[in-house]
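Take a look at the structure below.
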Amino acid sequence: MKKPNIAYFKAPASTANFELGQVLVAGTPLKDEYTALVATEGKFTDSTDVEHEFSAERLNTIVEHTNRAIDSGTIVPVCADHKKDIPNTIGSISGRAYTKVITEADLPNPNSKHLVGKLGMFLSGVKVAAAKGVEALKSGVKSVSMGLNLDPNEHRIMELSLVP
């Protein structure tokens, strides 16, 4: 089986659309699940400094392929720092991917207001295990990043990671 061509992209809002520092209080999640903004229309550079254009069409293709994989039983993990081994898998996606125009209500981080009015790609049902989430926060997690398969036939989110 061919290894997928994966690129990693930091979310456009500095922490996605929830504040990671407020996700856990005394080791207990504030909510059972979150919705994360993982991409917007525009140009973004991946972790290897390659620039990518995310058009509305491309975002919708990623959503379609991601949801098809989820519907077929594929688990989209939430990882610590893009490490997909068992100790670093700290949750999973129980919801779906979707696009919508970003509103202020989608962005609790005041530094992200420049994204209002852009088309955003979201992942709903982001679940993080409380104990593992606390450890990730203690280790310096500051943002969310998606691992994206670049193969045009499999162009989908492979994982969501909490990253420093």
Side-chain angles (χ1 to χ4, degrees), residues 1-25 27-40 44 46-48 50 52 54 56-100 102 106 108 119-164:
M1 184 169 137
K2 184 176 130 184
K3 184 176 179 177
N5 181 13
I6 298 177
Y8 300 100
F9 297 88
K10 183 178 173 185
S14 62
T15 62
N17 72 331
F18 56 88
E19 294 295 330
L20 291 176
Q22 297 173 8
V23 170
L24 304 158
V25 174
T28 304
L30 295 176
K31 299 192 301 187
D32 288 335
E33 59 186 42
Y34 295 84
T35 298
L37 170 62
V38 295
T40 64
F44 295 93
D46 69 20
S47 59
T48 62
V50 175
H52 298 262
F54 285 90
E57 180 181 358
R58 184 173 186 191
L59 291 175
N60 285 315
T61 296
I62 295 167
V63 164
E64 178 185 332
H65 290 193
T66 300
N67 287 336
R68 185 181 312 139
I70 290 169
D71 291 345
S72 72
T74 300
I75 294 172
V76 178
V78 176
C79 303
D81 206 16
H82 294 296
K83 296 176 184 166
K84 290 173 73 171
D85 54 9
I86 298 286
N88 289 304
T89 300
I90 60 175
S92 63
I93 306 301
S94 65
R96 298 183 58 76
Y98 62 93
T99 56
K100 75 175 207 116
I102 299 167
D106 297 317
L119 184 67
M121 181 172 59
F122 294 82
L123 274 176
S124 66
V126 177
K127 293 185 174 197
V128 177
K132 289 183 176 184
V134 167
E135 289 307 311
L137 289 171
K138 285 180 183 175
S139 72
V141 162
K142 302 264 189 263
S143 187
V144 176
S145 174
M146 70 171 168
L148 183 65
N149 187 329
L150 299 177
D151 180 322
N153 298 314
E154 291 288 324
H155 202 39
R156 68 178 179 89
I157 299 170
M158 301 291 289
E159 60 155 289
L160 186 67
S161 289
L162 306 183
V163 295

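Remember, it's a predicted structure, so these values are computed and weren't measured experimentally.
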Between Asp151 and Arg156, is there a salt bridge with N-O shorter than 4.0 Å? no
Do Val78 and Thr89 touch side chain to side chain, with heavy atoms closer than 4.5 Å? no
So which heavy atom on Ile70 is nearest to which on Gly95, and how close? CD1-O, 3.7 Å
Apply side-chain contact (heavy atoms from CB on, under 4.5 Å) to the pair Phe122 and Leu37, showing each step before the final yes or no. CA-CA 4 Å; Phe122 294 82; Leu37 170 62; 3.8 Å; yes
Going from OG1 on Thr66 to CE on Met146, what distance comes out if it is rounded to the nearest 0.5 angstrom? 8.5 Å
Check side chain to side chain contact (heavy atoms under 4.5 Å, CB included) between Thr99 and all other residues, then give those that pass, not counting sequence neighbours. Leu59, Asn60, Val63, Leu119, Met121
Just verifying a value: how many Å separate Asn67 CG and Thr74 OG1, rounded to the nearest 0.5 Å? 11.5 Å
Please name all residues satisfying side chain to side chain donor-acceptor pair (under 3.5 Å) with Glu154, sequence neighbours left out, ordered by chain then number. none
Holding to side chain to side chain contact (heavy atoms under 4.5 Å, CB included), I want the full list of residues that pass it with Leu150, two or more places apart in sequence or in another chain. Asn5, Ala7, His52, Arg58, Leu148, His155
Can you tell me how far apart SG (Cys79) and CG (Leu160) are? Round to the nearest 0.5 Å. 8.5 Å
Any chance you could lay out the side-chain contact (heavy atoms from CB on, under 4.5 Å) test for Leu123 and Tyr98, step after step, and finish with the verdict? CA-CA 7 Å; Leu123 274 176; Tyr98 62 93; over 6 Å; no
Taking the six-membered ring for Trp, is the centroid-to-centroid distance between Phe44 and Phe9 below 6.0 Å? no
Pairwise distance OG(Ser92) to CD(Glu159) - rounded to 0.5 angstrom: 13.0 Å
Roughly how far, to the nearest 0.5 Å, is CD1 of Ile157 from CG of Asn149? 11.5 Å
